[in-house]
**Student:** 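Have a look at the structure that comes next, please.
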2 protein chains.
Amino acid sequence: MSDESENIPAKSRRRVTAQAVAERAGVSRSAVSRAFTQGAYLDQKKKAQILQVAAELGYRPNVFAASLQAESSNIVAVLTGNMKSHFDAELVEELLGRLTAAGKWPLVVSGEKVANAPSIEGLWGFPVDAMILRGGSMDKFVVEACAKLHIPLIISGVTVTSETADSVACRNADGTYALTRLLLERGRRRFAWIDGPTGVVTQESYRRERRKGVIRALEQAGLELVASCDSDYTYEGGLAAAETILRDHDVDALMCANDAMATGALSFVRKTLQLRVPEDLSVTGFDDVSMAGWPCFDLTTVRNPRTEIVDHIMRLLHERLADPSKPGEVVLVSADLVPRGTH
Amino acid sequence: MSDESENIPAKSRRRVTAQAVAERAGVSRSAVSRAFTQGAYLDQKKKAQILQVAAELGYRPNVFAASLQAESSNIVAVLTGNMKSHFDAELVEELLGRLTAAGKWPLVVSGEKVANAPSIEGLWGFPVDAMILRGGSMDKFVVEACAKLHIPLIISGVTVTSETADSVACRNADGTYALTRLLLERGRRRFAWIDGPTGVVTQESYRRERRKGVIRALEQAGLELVASCDSDYTYEGGLAAAETILRDHDVDALMCANDAMATGALSFVRKTLQLRVPEDLSVTGFDDVSMAGWPCFDLTTVRNPRTEIVDHIMRLLHERLADPSKPGEVVLVSADLVPRGTH
DNA sequence: CGCTTATGTGAACACGTGTGCAGAAAGTGC
DNA sequence: GCACTTTCTGCACACGTGTTCACATAAGCG
């Protein structure tokens with residue numbers, strides 16, 4: 001019937017194979033393979049001819065077939081989480097660029113709640129060299145699954161103590177502690193804290209840490225928070241949270257758990273309330289995304305050292321690939337104060 | 001020598017194979033394969049036992065091996081370009097989420113000048129179902145290579161007429177034309193245009209289009225540009241360009257080729273020059289990134305309909321996978337005016 | 001029991017590649 | 001011409017899977 005008319009194009013759509021090149025060039029399939037293998041014995045003239053025929057036909061050795069016998073697939077799975085925060089987006093972007101430059105192929109799993117979605121279930125079918133997680137998409141069972149399947153795992157944003165997984169994060173508590181001290185020196189006394197969302201188990205640890213640094217510094221000064229509010233790490237969320245807090249409370253320092261919320265809060269304070277920052281009120285963030293340095297914000301914040309973190313991820317990746325049995329490592333990078341114009 | 005101590009761990013690091021499960025469960029390898037294949041003849045009891053042993057050992061069928069005989073690998077290559085512009089970043093992020101949700105696995109190639117880098121050379125080795133390009137990373141030879149290798153290709157941001165490639169872009173010229181008309185109605189007469197970088201061949205087409213819409217509207221009003229300046233689509237670049245232009249020229253409408261530069265220009269105009277926008281001067285952008293709607297910017301701009309574009313990309317992907325011989329399609333989506341507070 | 005049908009199973013093949021191995025061809029020294 | 005080394009090449013195997021095919025077992029029916 002229409003078998004022929006359907007099958008022939010289907011056939012021709014298939015990838016060009018080494019066999020086809022061999023037949024066209026009048027050599028054995030092995031020779032074709034050797035033409036693409038560095039340092040294999042093959043007559044120079046023959047090699048040149050094979051490469052030309054290959055170019056004509058558009059042949060490339062199929063990586064999947066080759067990786068069946070290879071030790072490494074050079075593919076790295078990257079779980080990004082939702083990337084609502086610009087910091088996450090910037091970090092992932094930098095990471096992907098670095099992986100590409102290092103000859104690794106990032107297979108990205110993205111979207112909401114990716115860790116317990118069916119998508120991750122399918123991911124285990126890939127012979128990936130390693131998995132890299134951004135904190136938001138972490139879940140305990142991923143760590144266990146990776147351990148069982150002997151897949152090197154690197155987590156950033158959250159620290160995990162495990163024999164088989166490495167993690168990188170900044171010293172969140174130290175960062176907010178230093179920031180709070182700065183505001184105290186500036187004479188601030190009535191502090192409010194806009195926090196991240198509660199209930200996201202995987203972000204709970206650094207959420208708690210950032211808050212802890214504030215509380216500790218205040219305690220040492222004999223103070224406590226005047227107000228606190230949970231939001232969602234977004235600009236809009238920060239704006240709404242600032243409204244909620246400032247409607248009912250008289251505060252002179254509005255600290256936010258990340259920069260996105262801080263810019264939202266800043267907008268509300270300046271545009272809607274027509275208050276002067278920092279004269280009437282301090283507003284601070286966390287992460288030091290590129291936006292925070294723009295003149296229109298000029299936000300006082302704490303640097304979450306993106307490039308340094310990516311450096312560590314790449315280092316851990318290489319080290320663990322070189323020695324898979326190496327014990328799990330927890331890297332803590334410092335979170336330095338970035339005093340600008342809003343404190 | 002140390003062969004044993006090195007090889008044994010290496011062996012044990014290898015993926016668990018169907019053979020191993022079969023031996024452990026006392027069945028044939030075929031049975032294991034059938035246990036993971038929907039609708040294959042296999043005794044229910046046996047299947048349950050196999051699945052349990054597989055779970056214990058942490059076995060998953062290797063996708064690479066399976067895809068050797070399969071028609072489709074479900075892997076889609078995504079070339080992102082440099083993502084300097086927030087619009088690109090937001091679009092890519094949405095695209096990745098959609099691909100994941102659709103059961104496709106995005107293999108991301110990222111970074112500067114990715115199209116002619118050695119990285120893309122290695123990409124041809126993967127049996128990808130399709131390639132998706134963001135305009136910035138486009139280059140003519142990619143289109144030709146994809147055509148030759150029968151790889152479906154979808155390009156966004158730039159329109160390409162090709163038998164084998166689809167493309168999606170917005171009506172750039174219409175967008176800037178409408179925007180310019182709005183400013184003319186507002187009474188503006190002395191226009192300046194901050195353009196994208198010259199020399200990036202692959203972005204030349206939409207660069208030209210956006211400019212053309214402005215020129216055309218001005219011509220119809222018997223006007224021409226008072227000043228023009230090339231920049232780089234970034235916040236910092238827009239800020240610097242605004243300084244260059246406003247130092248030497250008296251303008252009442254400062255139009256920018258994208259939102260990032262517009263926010264930079266806005267900062268310079270408001271913070272540094274202490275001018276009132278829009279009373280003293282109009283500032284406009286293009287793309288309508290999420291930032292543009294924030295109260296602190298409230299930028300008048302043109303919507304580059306991100307979600308609609310991603311919808312089209314996904315549609316084109318499915319259609320072309322269903323019928324690879326379908327002729328190339330060029331989709332133009334409208335770029336609607338978003339009048340806010342800076343005009 | 002004999003025949004037919006339904007169900008379950010292992011051997012064998014195909015997918016496309018890199019490489020070990022043995023042997024062929026070619027070059028070198030006498 | 002002969003022994004020996006060097007360069008080259010094709011065969012065959014391995015990688016891990018899905019699926020066809022022939023066969024075995026069991027069940028249903030007269």
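Numbers restart at 1 for each chain; the letters A, B, ... are given by sequence-line order, proteins then strands.
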**Student:** Mind calculating the distance between OH (Y41(A)) and C1' (dG18(C)) to the nearest angstrom?
**Tutor:**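 Value for this atom pair: 17 Å.
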**Student:** What does T17(A) touch in the nucleic acid at a heavy-atom separation under 4.0 angstrom: a base, only the sugar-phosphate, or nothing?
**Tutor:**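 Sugar-phosphate, backbone atoms only, no base.
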**Student:** Among the nucleotides dT17(D), dG20(C), dG10(C), which one has an atom lying closest to any side-chain atom of A18(B)?
**Tutor:**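 Closest nucleotide to the A18(B) side chain: dT17(D).
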**Student:** Can you find a donor-acceptor N/O pair under 3.5 angstrom joining the side chain of R60(B) to the base of dG16(D)?
**Tutor:** no
**Student:** Parallel, tilted or perpendicular: which fits the ring planes of F64(A) and F64(B), with parallel below 30° and perpendicular above 60°?
**Tutor:** parallel
**Student:** Can you name the one residue among L317(A), I75(A), N74(A) that meets side-chain contact (heavy atoms from CB on, under 4.5 Å) with D129(A)?
**Tutor:**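 Considering L317(A), I75(A), N74(A), a side-chain contact (heavy atoms from CB on, under 4.5 Å) with D129(A) is found only for N74(A).
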**Student:** What is the distance, rounded to the nearest whole Å, between atom CG of D43(A) and atom P of dT6(D)?
**Tutor:** 18 Å
**Student:** If you check every side-chain atom of R34(A), which of dG20(C), dG18(C), dG16(D) has the closest atom?
**Tutor:**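 That would be dG20(C).
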**Student:** Do the side-chain N or O atoms of R14(B) get closer than 4.0 angstrom to the phosphate oxygens (OP1, OP2) of dG16(D)?
**Tutor:**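 For dG16(D), OP1 or OP2 has a side-chain N or O of R14(B) closer than 4.0 Å.
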**Student:** Just compare dG18(C), dG16(D), dG18(D) and give me whichever is closest to any side-chain atom of N62(B).
**Tutor:** dG16(D)
**Student:** Side chain of S28(B) only, please: which of dT7(D), dG10(C), dT19(C) is the nearest?
**Tutor:** dG10(C)
**Student:** Mind calculating the distance between CG (L68(A)) and P (dG18(D)) to the nearest angstrom?
**Tutor:**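 After rounding, the gap between these two atoms is 12 Å.
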**Student:** Salt bridge or not for E71(B) and R14(A), using N-O below 4.0 Å?
**Tutor:**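 Counted as a salt bridge, because a side-chain N and a carboxylate O are separated by less than 4.0 Å.
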**Student:** To the nearest Å, give me how far apart CD (E71(B)) and P (dC15(C)) are.
**Tutor:**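 The distance from CD of E71(B) to P of dC15(C) comes to 12 Å, rounded to the nearest Å.
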**Student:** Rounded off to whole Å, could you give me the NZ-to-P distance for the K47(B) and dT9(C) pair?
**Tutor:**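 The answer, rounded to whole Å, is 12 Å.
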**Student:** So S30(B), base contact, sugar-phosphate only, or nothing? Heavy-atom distance under 4.0 Å.
**Tutor:** base
**Student:** Provide the closest heavy-atom pair for V158(A) versus Y206(A) in the form atom of the first, atom of the second, distance.
**Tutor:**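 Smallest heavy-atom distance, with atoms named: CG2-CD2, 4.3 Å.
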**Student:** When you measure from the side chain of K46(A), which nucleotide among dT9(C), dT9(D), dT17(C) comes out closest?
**Tutor:** dT9(D)
**Student:** Round to the nearest Å and state the distance from Q38(A) atom CD to dT19(C) atom P.
**Tutor:** 12 Å
**Student:** Provide, to the nearest angstrom, the distance between the CD atom belonging to Q19(A) and the P atom belonging to dC11(D).
**Tutor:** 10 Å
**Student:** Quickly, which of V168(B), V331(B), D166(B) forms a side-chain contact (heavy atoms from CB on, under 4.5 Å) with R315(B)? Name it, please.
**Tutor:**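 When V168(B), V331(B), D166(B) are each tested with R315(B), the side-chain contact (heavy atoms from CB on, under 4.5 Å) holds only for V331(B).
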**Student:** Output the single nucleotide from dT7(C), dC8(D), dT17(D) whose closest atom is nearest the side chain of Y59(B).
**Tutor:** dT17(D)
**Student:** With nearest nucleotides of DNA chain D determined for R29(A) and Q69(B) from heavy-atom distances, which residue corresponds to the more 5′ nucleotide?
**Tutor:** R29(A)
**Student:** In whole angstrom, give the distance that lies between atom CZ of F126(A) and atom P of dT17(D).
**Tutor:**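 Taking atom P of dT17(D) as the reference, CZ of F126(A) is at 14 Å.
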